[in-house]
Amino acid sequence: MSSESAPQPLRARAAPAPLSGRLRVPGDKSISHRALMFGALAIGTTEIQGLLEGEDVLRTAAAMRLLGATVDRLGDGAWRVAGRGIGGLTEPADVLDMGNSGTAARLICGLLAGHPLFAVMTGDASLRRRPMKRVTDPLAATGARFLTREGGRLPLAVEGARNPLPLDYRLPVASAQVKSACLLAGLCAPGVTRVVEPEATRDHSENMLRHFGATVRVAAKGHGRVIELDGQPELRAAPVQVPGDPSSAAFFAVAALIVPGSRLVVENVGLNPLRTGLFETLREMGASLTVANARTEGGEPVGDLVLRQGELRAVDVPAARAPAMIDEYPILAVAAAHARGASRFRGLGELRVKESDRLSGTAALLEAAGVKVEVEGDDMIVHGTGGPAPGGGLVATQMDHRLAMSALVLGLATRAPMTIDDGGFIATSFPDFVGLMNRAAGGTAIEAA
């Protein structure tokens with residue numbers, strides 16, 4: 001499905017039954033992107049199981065093919081990548097179209113910076129509005145040259161460095177995407193690439209680099225970390241088992257916590273501690289959320305989430321937790337709308353540069369449901385109703401899949417249905433979201449409007 005196709009309005013009404021049973025969500029999007037990229041940079045053939053087959057990840061697969069890797073789909077979630085080795089990517093014969101995926105666009109900028117080639121990258125209307133200077137500015141220190149539209153926006157042209165230099169970069173704002181782009185560029189440079197982050201962000205790139213044989217050192221520095229990568233390693237093909245995406249599991253977790261009588265198990269969820277800020281916050285709100293069958297797969301912690309509906313209370317979320325749950329604030333706001341009291345989410349400036357301005361978009365989502373919400377600087381205050389919100393509104397999704405899914409989850413427990421202007425973008429990260437939610441709810445709760 002193209003993310004620029006005709007709008008697909010959807011409506012969510014009160015779930016016909018409590019959410020129940022056991023289900024699995026699609027593979028982790030962050031790990032899926034990286035599995036394809038590192039597979040393309042490795043010597044040998046990488047076998048991937050559980051790959052997310054949403055549009056964002058498929059764009060990465062297509063880009064790796066254009067850059068010379070052999071990428072084959074073997075079956076549902078099963079893929080094979082024959083890599084080119086470090087420095088072995090080839091100049092693409094066509095434009096790299098990243099669709100709606102900011103992660104793919106920014107990480108691939110890092111890949112391209114370290115290779116002596118010319119490439120042009122674009123994306124859909126939403127991605128073309130998102131700033132890329134936060135990546136291209138530090139990457140230019142490798143010797144790569146970037147040309148962008150005004151404001152550092154796509155389409156973007158890059159001439160990679162013939163003799164890339166290692167980076168020593170201190171991130172002004174915590175961002176796993178910028179950190180990962182710098183590390184990817186550093187793979188092709190001699191010497192040590194060093195990245196300092198002010199707050200610890202998701203470390204899937206570091207984990208996967210080690211899994212493929214690179215030497216990565218991580219040291220704590222205040223609230224953040226210093227990451228050092230030895231350049232020009234020989235990455236060796238390695239099998240990757242992609243766990244369920246915690247950002248996707250979040251929608252079912254919150255739905256189960258707010259739909260009366262629900263008891264739901266979400267299996268095989270990735271529980272990397274730098275990704276589980278939402279689950280920690282929900283527990284602080286009094287949620288019945290436990291982990292069963294905890295284990296480690298491919299260097300990543302995994303487990304089954306066991307959820308029961310119950311009363312939630314307001315929470316004050318510190319800014320330091322934002323990097324561990326930056327994608328989950330819209331769905332957390334849905335939980336806060338049902339809690340008793342006023343919740344405050346601090347330090348959400350990063351939400352202004354996601355797929356949309358998620359800060360204002362989340363506020364508008366709640367207001368459409370009759371929930372009082374305030375934005376003070378980079379903080380959001382949600383005045384919970386202590387139960388079902390009024391609902392009945394229309395939500396403008398702004399081409400943002402997470403706003404769309406959050407609004408639909410909200411509609412499962414509001415007194416009147418909630419409608420979104422377009423659900424087509426949900427396919428970028430969660431193609432079967434509607435079908436899976438309806439099955440969990442025992443009937444049709446979400447349908448075409």
Side-chain angles (χ1 to χ4, degrees), residues 12 15-32 49-54 76-77 202 204 241-298 300-310 312 324-325 327-335 338 401-402 404-406 408-413 426 429-443 445-446:
L19 272 66
S20 62
R22 307 177 72 90
L23 59 84
R24 291 196 174 202
V25 296
D28 186 287
K29 184 161 68 164
S30 296
I31 294 176
S32 293
Q49 297 292 328
L51 188 87
L52 170 63
E53 294 180 339
D76 288 347
R202 59 184 66 177
H204 302 307
Q241 177 68 50
V242 182
D245 195 323
S247 295
S248 296
F251 299 103
F252 288 84
V254 170
L257 295 175
I258 65 176
V259 173
S262 296
R263 185 190 184 282
L264 187 68
V265 178
V266 186
E267 299 177 332
N268 194 49
V269 179
L271 297 176
N272 185 304
L274 294 170
R275 293 286 301 281
T276 54
L278 174 74
F279 303 142
E280 178 183 351
T281 303
L282 291 174
R283 289 192 187 99
E284 291 177 1
M285 298 175 75
S288 176
L289 187 163
T290 57
V291 175
N293 193 23
R295 58 202 185 275
T296 300
E297 292 181 355
E300 294 279 351
V302 178
D304 302 340
L305 299 182
V306 182
L307 304 131
R308 294 178 186 269
Q309 183 266 332
L312 300 175
M325 55 185 293
D327 287 331
E328 282 76 66
Y329 280 103
I331 193 62
L332 174 62
V334 170
H338 286 77
H401 52 117
R402 299 197 192 281
M405 288 185 280
S406 296
L408 294 173
V409 169
L410 180 60
L412 299 177
I426 292 171
S429 66
F430 203 150
D432 191 35
F433 171 78
V434 171
L436 194 58
M437 188 65 80
N438 283 338
R439 290 192 290 276
I446 302 174

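What you see is a predicted model; the values in this text were computed from it and never measured.
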Which pair of non-hydrogen atoms, one from L52 and one from G27, has the smallest distance, and what is that distance?
CB-O, 3.3 Å

Test item: T281 and L332 side chains (from C-beta on) under 4.5 Å apart, heavy atoms
yes

Correct closest heavy-atom pair for P16 and A441 would be CG-O, 3.4 Å

How close do H338 and A413 get, heavy atom to heavy atom, and via which atoms?
NE2-CB, 3.5 Å

Can you see which heavy atom on V291 is nearest to which on G303, and at what distance?
CG1-CA, 4.1 Å

If I take atom CG from residue L412 and atom CE from residue M437, how far apart are they, to the nearest 0.5 angstrom?
5.5 Å

So, R202 side chain and A324 main chain: donor-acceptor pair closer than 3.5 Å or not?
no

Side-chain heavy-atom pair E267, V265 within 4.5 angstrom cut-off
yes

Spacing of CD belonging to E300 relative to OG belonging to S30, to within rounding of 0.5 Å
9.5 Å

About how many Å separate CE of M285 and CG of L278, when rounded to the nearest 0.5 Å?
9.0 Å

Would L289 and L305 satisfy side-chain contact (heavy atoms from CB on, under 4.5 Å), going step by step from the backbone distance to the final call?
CA-CA 7 Å; L289 187 163; L305 299 182; 4.2 Å; yes

Salt-bridge test for D304 and R24: reply yes if a basic N is under 4.0 Å from a carboxylate O, no otherwise.
no

Nearest heavy-atom approach of V25 to L23 is CG1-CD1, 4.1 Å

What's the spacing between L312 CG and S288 OG if we round to 0.5 Å?
10.5 Å

Do you know the tightest heavy-atom contact between A292 and V306?
CB-CG2, 4.2 Å

Are F433 and V409 close enough that some pair of their side-chain heavy atoms sits under 4.5 Å apart?
yes

Quick one: side chains of residues 251-259, donor-acceptor pairs under 3.5 Å with protein atoms, not counting sequence neighbours, listed by atom name and distance.
none

Kindly compute the distance separating CZ (R439) from CG (D432), expressed to the nearest 0.5 Å.
4.5 Å

Residue pairs, two or more places apart or on separate chains, that pass salt bridge (Lys or Arg N to Asp or Glu O under 4.0 Å) and touch residues 247-257:
none

Carboxylate-amine/guanidinium proximity below 4.0 Å for D327 and K29
no

Would you confirm whether E53, through its side chain, and G77, through its main-chain N or O, come within 3.5 Å as a donor-acceptor pair?
yes

Within the side chain of R263, is there an N or O that forms a donor-acceptor pair under 3.5 Å with the backbone of G261?
no

Output, in order, the C-alpha distance, side-chain angles, deciding distance and verdict of side-chain contact (heavy atoms from CB on, under 4.5 Å) for H204 and N272.
CA-CA 9 Å; H204 302 307; N272 185 304; 3.7 Å; yes

Would you mind reporting whether S247 and R402 have side-chain heavy atoms less than 4.5 Å apart?
yes

Report yes if some heavy atom in the side chain of P243 is under 4.5 Å from a heavy atom in the side chain of I31; otherwise report no.
yes

Using modelled atom types and a 3.5 Å cut-off, is there a donor and acceptor pairing between side-chain atoms of S262 and backbone atoms of R308?
no

Check the pair V302 / T296 against side-chain contact (heavy atoms from CB on, under 4.5 Å), numbers first and verdict last.
CA-CA 6 Å; V302 178; T296 300; over 6 Å; no

Residue set satisfying side-chain contact (heavy atoms from CB on, under 4.5 Å) with V434, at least two apart, ordered chain then number -> L10, N438, I446

Looking at CG of N268 and CG of D28, how far apart are the two atoms once the value is rounded to the nearest 0.5 Å?
10.5 Å

Could you walk me through whether R275 and D245 pass the salt bridge (charged side-chain N to carboxylate O under 4.0 Å, His left out) test, one step at a time?
CA-CA 10 Å; R275 293 286 301 281; D245 195 323; 3.2 Å; yes

